[in-house]
Amino acid sequence: MNIVLYEPEMPANTGNIGRTCVATNTKLHLIEPLGFKLSEKHLVRAGLDYWDKLDVTVYSDYQDFLKKNPGAKIYMATTKGEHVYTDIPYDPDAYIMFGPESRGIPEEILVENRENCIRIPMWGDIRSLNLSNSVAIVLYEALRQNGFEQMTMEGHLHHLHWKE
């Protein structure tokens, strides 16, 4: 699975998303310009000690991303999408793109990818959800559809045992 952040602006969100990607064995793609430096303390703090385990690639711009990922099936998460994210069948190598926190994916890109635009339903006049929450919601649906392949499905207590 692949998460693509188009021009992310907030280091804490990207750090949280990086941690989610490590926990799910998902590759993270960052499209510049970024609103922060990858060494920024808020990014590292949000990613805790997971950032060094992250499979991350940075691209100079959207065209560079497309050139280096030919044939990628890209779903674009946007409040403007006509399809609910749960109605889409995700392949194990799907790319799910999210736009910058303040403005989302540019409409010039969206209109070229209408059938692949997905949305998370929301109630009322709420403009959008937090970016890291949105990534987690859509990513876990894609992982669920693929049977949570090779993920740990059972937890264990540290000090006690479950009662029989």
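Just so you know, these numbers use all the heavy atoms, side chains as well, and skip hydrogens, waters and symmetry mates. On a predicted model such as this, the values are computed, not experimentally measured, just so you know.
Residues passing the salt bridge (Lys or Arg N to Asp or Glu O under 4.0 Å) test with K68 are D64, sequence neighbours excluded. Listed by chain and residue number, R114 satisfy the side chain to side chain donor-acceptor pair (under 3.5 Å) test with E82 (two or more places apart in sequence, or in another chain). Applying the side chain to side chain donor-acceptor pair (under 3.5 Å) test to N2 and every residue at least two apart in sequence or in another chain returns H29.
Transitive grouping of hydrophobic side chains (ILVMFWY, heavy atoms separated by less than 4.5 Å) brings L28 and V138 into a common cluster. Residue V135 is grouped with residue V56 when hydrophobic side chains (ILVMFWY) are merged at heavy-atom distances under 4.5 angstrom, including chains of intermediate members. F65 and V111 are assigned to two separate hydrophobic clusters, defined by single-linkage of ILVMFWY side chains at heavy-atom distances under 4.5 Å. Cluster annotation: L66 and I3 are assigned to distinct hydrophobic clusters (Ile/Leu/Val/Met/Phe/Trp/Tyr, side-chain heavy-atom contacts under 4.5 Å, transitive). Clustering ILVMFWY residues whenever any of their side-chain heavy atoms sit less than 4.5 angstrom apart, transitively, puts I118 in a cluster other than the one holding M76.
Y90 contributes a side-chain N or O that, together with a main-chain N or O of Y85, makes up a donor-acceptor pair within less than 3.5 Å. One N or O on the side chain of T20 and one on the backbone of N16 form a donor-acceptor pair closer than 3.5 Å. One N or O on the side chain of N146 and one on the backbone of A142 form a donor-acceptor pair closer than 3.5 Å.
Note that CE of M151 and CG of N25 are 8.5 Å apart. Values are rounded to the nearest 0.5 Å. The distance from atom OG1 of T26 to atom CG of D55, rounded to the nearest 0.5 Å, is 10.0 Å. Note that CG of L110 and SG of C117 are 4.5 Å apart. Values are rounded to the nearest 0.5 Å. Remark: T86 OG1 to R144 CZ distance equals 8.5 Å, nearest 0.5 Å. Interatomic distance, CG of L143 versus CD of Q150, reported as 12.0 Å (0.5 Å rounding). Once rounded to the nearest 0.5 Å, the distance linking CG of D93 with CE of M1 reads 8.0 Å.
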E115/H83 under side chain to side chain contact (heavy atoms under 4.5 Å, CB included): CA gap, chis, key distance, verdict: CA-CA 8 Å; E115 287 306 310; H83 306 287; 3.4 Å; yes
For M122 and T79: C-alpha separation, side-chain torsions, deciding distance, then whether side chain to side chain contact (heavy atoms under 4.5 Å, CB included) applies. CA-CA 9 Å; M122 290 178 279; T79 57; 3.7 Å; yes
Dump the intermediate steps for side chain to side chain contact (heavy atoms under 4.5 Å, CB included) on Y75 and N113, then the final yes or no. CA-CA 8 Å; Y75 297 98; N113 297 279; over 6 Å; no
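Counting only heavy atoms from C-beta outward, the side chains of E32 and D61 never approach each other to under 4.5 Å. Within the 4.5 Å cutoff, side-chain heavy atoms of T24 are placed close to those of L139. I120 is listed as a side-chain neighbour of L129, based on a closest heavy-atom distance under 4.5 Å. Looking at P8 and F36, their side chains come closer than 4.5 Å, going by heavy atoms from C-beta outward. At least one side-chain heavy atom of I17 sits under 4.5 Å from a side-chain heavy atom of L5.
When hydrophobic residues (I, L, V, M, F, W, Y) are linked wherever their side-chain heavy atoms come within less than 4.5 Å, the members clustered with L160 are L157, W162.
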Listed pairs under 3.5 Å, donor-acceptor, residues 94-105 side chains, sequence neighbours left out:
from	atom 1	to	atom 2	distance (Å)
Y95	OH	N69	OD1	3.1
E101	OE1	E9	N	2.8
E101	OE2	M10	N	3.3
E101	OE2	N13	ND2	3.1
S102	OG	E9	OE1	3.1
S102	OG	E9	OE2	2.7
R103	NH1	E9	OE2	2.8
R103	NH2	E7	OE1	2.6

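Among residue pairs with one or both ends in residues 122-142, none qualify as ring pair (Phe, Tyr, Trp, His ring centres under 6.0 Å); sequence neighbours excluded.
Residues L54 and G18 come closest through the heavy atom pair CD1-O, 3.6 Å. I31 and Y62 get closest at one heavy-atom pair: CG2-N, 3.5 Å.
Atom NZ of K80 has more than 12 neighbouring heavy atoms from other residues, nucleotides or ligands inside a 6.0 Å radius.
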